[in-house]
Engineer: 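Pasting a structure below so you can have a look.
All values derive from a computational prediction rather than experimental measurement. Just so it is clear: chains get the letters A, B, ... in the order the sequence lines come, proteins before strands, and each one is counted from 1.
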Amino acid sequence: MQSRERGTNMDYSANMTSQARPKRDVSFLQRLLRMRETGLVIIILALFVIMTFASPYFLTWANMRAMSMAFAVDGLLVIGMTILLISGGIDLSVGSVTALAMVVAGWLFLSGIDPWVASAMSIALCTGIGAFMGFFVTRVGLHHFIVSLAVMVIARGACLLFTGGRPLGLFTLPPEFKFIGQGAIGPVPVVIIIFLVFVVAFDFMLRRTTMFRKVFYTGSNEKAAAYSGIRTKKVIFLTTTLCSTLCGIAGIIYMARFGSAQPTFGLGLELTIIAAAVIGGASLNGGSGSILGAILGVILLSLVSSSLALLDVSVYWQDIIRGSILLAAVTIDHYLNKRRG
Amino acid sequence: MMQDVILKISNLSKSFGPVQALRGVNFELRRGEIHAIAGENGAGKSTLMNIIDGILQPNSGQILLDGEPTKISSPTMAQKLGIGFVHQEIALCPDVSVAENIFMAATNVSTSLMMDYRKLEHDAREIFAQLCDIDPSVLVRDLSISHQQLVEIAKALTLDCRILILDEPTAALTEAEAQTLFGIMRELADRGISIIYISHRMVEIFDNCDRVSVFRDGQHIVTQDVADIEPSDVVNAMVGRVIDNLYPHKQETPTEDIILDVQNLTETRSFRDVSFTLKRGEILGFAGLIGAGRSEIVKGICALEGDVKGEVRLEGETLSLRDYPDSIAKGMVYLSEDRKGDGLFLDLPIADNISALKVEQVANRSGLIQADSELQQAEALARKLNLKYGTMRDPVSSLSGGNQQKVAIAKMLSVNPRLIFLDEPTRGVDVGAKSEIHRILRDLAEEGVGIVVISSELPELIGVCDRVLVVREGQISGEVSGSEMTEENIMHLASVLDAHAVA
């Protein structure tokens with residue numbers, strides 16, 4: 001009995017000592033955690049400065065606007081991909097599903113359906129595709145990689161089937177629809193506003209909601225998550241579906257922006273998206289990643305491509321350089337993680 | 001009458017960090033004998049065998065092979081020296097044929113460019129002709145577990161060894177297959193091969209072996225001819241007598257208030273007809289050999305695993321759980337035996353780990369996690385369990401084993417459970433944290449939380465529990481409490497002493 005009482009006293013004293021330090025550590029640790037984001041920001045700013053001197057066309061309103069339009073819609077895709085990667089999955093079909101969303105909505109519009117309704121139907125179809133993949137992954141037990149590879153090919157085939165391989169011209173799209181892709185509120189393009197809304201919303205949700213916390217648990221250690229009473233299959237099903245749904249939304253915005261539906265849109269886009277998410281800190285093993293990091297990853301990649309274009313570097317070199325950046329980013333991260341672990 | 005000694009080990013010691021796994025062990029293996037090794041889980045048997053097979057290196061001591069001091073630096077070297085080891089776990093390639101599997105070592109060292117499948121199969125047939133009826137051309141994945149075990153043994157036979165180590169080879173075999181194996185062991189011994197035979201089953205040791213050595217707590221206790229020793233003496237030597245005052249006091253006033261009532265619980269593969277009750281305030285223990293079905297039973301009760309039939313009543317309410325989340329909702333939680341594998345999220349912060357069982361608890365109504373309440377919850381539980389940590393945002397991997405285990409327990413407590421099943425709650429935990437955890441369990445029991453402890457450490461069960469159920473081969477073989485709760489009694493109930501008891 002007596003030893004127990006003494007033990008209780010010890011508890012409090014031990015706790016006092018462990019509580020004495022936290023303040024300083026928290027801010028230090030937070031800085032550590034933000035390191036990747038700050039690192040990316042620094043690289044982006046450096047590139048920005050270099051390019052301003054290297055090309056007279058770089059720091060112009062037109063170029064800035066074109067560049068931000070380019071990464072804004074891809075930003076939606078990278079949000080979905082990052083969340084999916086955190087849960088331990090991957091999706092190779094984002095490029096073709098985005099194209100399919102565009103093509104299906106365009107085709108429905110051309111057959112006389114209201115463009116808003118057509119868009120909603122098309123987004124619903126993408127959600128269905130995500131659910132279809134989620135089914136194969138969680139119920140049948142196949143790997144994300146192979147399921148999404150198959151869907152990537154199927155969706156691309158469907159795009160070509162719908163259009164006969166030719167872009168659908170959608171000149172009759174009403175101006176209020178085109179507005180979401182081409183319009184601006186004041187000086188800010190609508191696309192950028194949509195992008196910012198999604199980024200802020202998902203970044204907040206990922207950090208704060210219980211639903212997305214479970215995504216982290218699941219990706220960090222699926223078995224431990226199951227042993228914590230988390231329905232991990234449901235989580236993976238939902239992240240898979242969410243990723244495809246965002247592809248649908250992105251496809252519609254692209255359609256409004258281009259005023260056409262291109263069946264060959266987004267070839268190889270999945271690799272850029274995955275690369276951006278990984279540069280931004282998502283792990284292919286699941287359990288880590290952030291929206292802000294992933295967006296910075298997209299910005300970096302898009303900045304690099306547009307810079308290379310401005311500097312008249314051959315398209316072939318561009319791919320080599322982008323691939324090297326990915327490899328460098330992941331290598332650096334690997335060593336940073338090693339030291340921390 | 002000194003016989004021909006092939007392997008002599010003297011004064012061998014091995015430690016893993018602070019844990020002394022072997023202390024000055026002496027051991028002698030004669031040519032052509034079948035030498036049984038007995039000991040509880042954690043007695044040091046596996047460590048010694050792993051040293052003989054070159055998987056581990058001793059800290060000090062000597063190994064003499066044929067009288068020559070030898071350093072066995074790797075399993076490959078052990079193989080060259082003629083030492084074969086059949087592990088308890090099956091380590092075969094499931095997608096290639098039986099013949100390729102058993103000759104994998106030979107193929108590995110072969111210098112020929114092409115595989116000669118015909119010869120492989122022919123040689124395999126010859127080996128199986130004396131062992132059992134297995135077609136060498138089928139894939140390993142298509143074999144039953146007991147046949148896979150036989151393939152493991154056949155694989156060791158191809159190695160042309162002088163010393164053959166068999167680690168509980170009959171665990172997965174039927175009685176008939178086991179008898180065949182014993183016949184083959186005797187034949188090999190007659191040819192001059194020495195066999196080290198590890199088993200918990202006294203009847204196997206006394207029917208088939210020449211000598212037996214007993215280990216306990218990393219020490220060699222005794223070696224005797226089986227003719228000169230009784231099975232009960234071996235069991236006594238295995239458990240020894242450890243006086244330990246480190247454990248908390250026991251239940252003072254027994255109650256009749258039943259927390260958990262389990263009736264006729266059956267799961268086709270792992271256990272059958274399990275019935276027991278847990279009373280408020282008591283700590284109930286589950287003893288049994290590894291693989292007897294202890295964990296499966298409690299996982300079955302929590303709906304974590306298996307297709308379970310039978311009745312489970314928690315505080316009078318009959319449960320029909322769909323899955324583990326249902327069990328958590330009812331207040332019944334399971335602490336995993338594999339802390340690193342499935343108990344914790346090692347890369348995630350301590351606070352996130354503690355709240356994982358029910359994140360909704362630290363969130364507001366719209367599902368937003370309140371960092372403050374998450375931190376408060378974690379800190380309150382950390383205080384209760386005397387957790388040593390830097391900050392709550394540090395990853396769990398930064399903590400010591402004992403503190404990691406406290407995080408895992410804090411996670412269980414975060415939902416204010418009515419009943420906790422703890423599977424090996426002090427595995428890999430240092431002595432200090434261990435007795436703290438024992439005290440926590442007693443405190444919880446006194447607060448009215450149901451506590452069920454599974455452990456392979458008998459002193460722990462005896463020290464902590466008020467009552468111990470013994471599981472043997474998927475059934476409860478007995479119950480001990482009070483002064484009957486001795487290691488001898490538990491080991492008797494846990495091991496198969498009687499040949500007829502083998503199903």
Side-chain angles (χ1 to χ4, degrees), chain A residues 1-4 6-30 32-33 204-234 283 285-288 337 340-341, chain B residues 248-249 299 302 304 323-329 333-336 338-349 352-353 355-363 366-371 379 382-395 397-398 411 415 435-436 439-440 442-443:
Chain A
M1 236 11 214
Q2 222 166 6
S3 70
R4 262 185 63 236
R6 224 182 305 136
T8 321
N9 281 335
M10 259 169 48
D11 287 359
Y12 286 102
S13 59
N15 186 61
M16 291 306 281
T17 52
S18 67
Q19 272 201 326
R21 320 189 257 138
K23 273 275 154 54
R24 190 185 51 104
D25 287 45
V26 167
S27 61
F28 178 61
L29 196 86
Q30 276 178 339
L32 256 185
L33 283 176
F204 177 76
M205 287 196 286
L206 202 59
R207 286 176 203 275
R208 291 289 303 277
T209 61
T210 53
M211 166 67 211
F212 283 105
R213 173 64 76 75
K214 289 177 184 176
V215 173
F216 278 97
Y217 287 141
T218 302
S220 176
N221 183 341
E222 195 180 336
K223 202 162 174 209
Y227 274 33
S228 302
I230 291 162
R231 296 187 167 103
T232 53
K233 286 187 172 169
K234 187 176 130 193
S283 160
N285 296 324
S288 69
N337 267 325
R340 253 184 285 160
Chain B
H249 65 104
K299 284 185 191 172
C302 296
L304 247 175
D323 53 11
Y324 184 50
D326 279 356
S327 174
I328 296 175
V333 294
Y334 168 77
L335 177 82
S336 159
D338 184 4
R339 182 169 61 235
K340 289 188 196 311
D342 48 43
L344 291 168
F345 307 97
L346 292 173
D347 301 331
L348 296 185
D352 296 29
N353 268 276
S355 57
L357 227 43
K358 211 184 208 172
V359 211
E360 289 77 9
Q361 270 186 172
V362 293
S366 35
L368 295 184
I369 294 173
Q370 305 294 304
E379 279 170 354
R383 208 172 305 137
K384 181 169 173 142
L385 302 182
N386 193 16
L387 181 73
K388 306 271 193 322
Y389 63 99
T391 85
M392 282 295 173
R393 300 246 68 88
D394 292 346
S397 56
S398 67
K411 182 172 138 188
V415 294
S435 62
E436 272 186 279
R439 182 178 52 75
I440 291 162
R442 178 53 68 191
D443 288 351

Engineer: Check each atom of A/Ala225 against the heavy atoms of chain B and say whether the ones under 4.5 Å are side chain, backbone, both or neither.
Structural biologist: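 Contact with chain B is through both the backbone and side chain of A/Ala225.
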
Engineer: Using a cut-off of under 4.5 Å for heavy-atom pairs, which of B/Cys302, B/Ala356, B/Ala363 has the most such pairs with chain A?
Structural biologist: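 Option with the top pair count is B/Ala356.
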
Engineer: At a 4.5 Å cut-off on heavy atoms, which part of B/Leu304 comes close to chain A: side chain, backbone, both, or neither?
Structural biologist: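 Contact with chain A involves the side chain of B/Leu304 alone.
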
Engineer: Residues in ring pair (Phe, Tyr, Trp, His ring centres under 6.0 Å) with B/Phe345, at least two apart?
Structural biologist: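 Expected list: A/Tyr217.
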
Engineer: Would you mind telling me which of B/Asp326, B/Asp342, B/Ile328 has the largest number of heavy-atom pairs within less than 4.5 Å of chain A?
Structural biologist: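 Among the listed options, the one with the most contacts to chain A is B/Asp342.
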
Engineer: Who pairs with B/Arg339 by salt bridge (charged side-chain N to carboxylate O under 4.0 Å, His left out), at least two apart in sequence or on another chain?
Structural biologist: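 Salt bridge (charged side-chain N to carboxylate O under 4.0 Å, His left out) check on B/Arg339 returns nothing, list empty.
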
Engineer: When you measure from the side chain of A/Glu222 to the backbone N and O of A/Ser220, does any donor-acceptor pair fall under 3.5 Å?
Structural biologist: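 Here the side-chain-to-backbone pair does not exist.
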
Engineer: Select one option (side chain, backbone, both, neither) describing which atoms of B/Ser355 are under 4.5 Å from chain A's heavy atoms.
Structural biologist: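 For B/Ser355, backbone and side chain are both near chain A.
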
Engineer: Given a strict heavy-atom distance threshold of 4.5 Å, which part of B/Lys411 is in contact with chain A: side chain, backbone, both, or neither?
Structural biologist: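 For B/Lys411, side-chain heavy atoms alone lie under 4.5 Å from chain A.
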
Engineer: Please answer whether the main-chain N or O of A/Ile230 pairs with a side-chain N or O of A/Ser228 as donor and acceptor at a distance below 3.5 Å.
Structural biologist: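 Not a single qualifying donor-acceptor pair exists.
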
Engineer: Give the member of B/Gly341, B/Pro325, B/Ser336 that has the highest number of heavy-atom pairs under 4.5 Å with chain A.
Structural biologist: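 Heavy-atom pair counts peak at B/Pro325.
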
Engineer: Select, from B/Val359, B/Asp352, B/Leu348, the one with the greatest count of heavy-atom pairs under 4.5 Å involving chain A.
Structural biologist: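 Of the options given, most contacts go to B/Asp352.
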
Engineer: Less than 4.0 angstrom from a charged side-chain N to a carboxylate O is my criterion; do B/Glu379 and B/Lys384 meet it?
Structural biologist: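 Salt bridge: no.
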
Engineer: Please classify the contact between A/Phe212 and chain B as side chain, backbone, both or neither, with a heavy-atom cut-off of under 4.5 Å.
Structural biologist: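 For A/Phe212, there is no contact with chain B at all, as no heavy atom is under 4.5 Å.
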
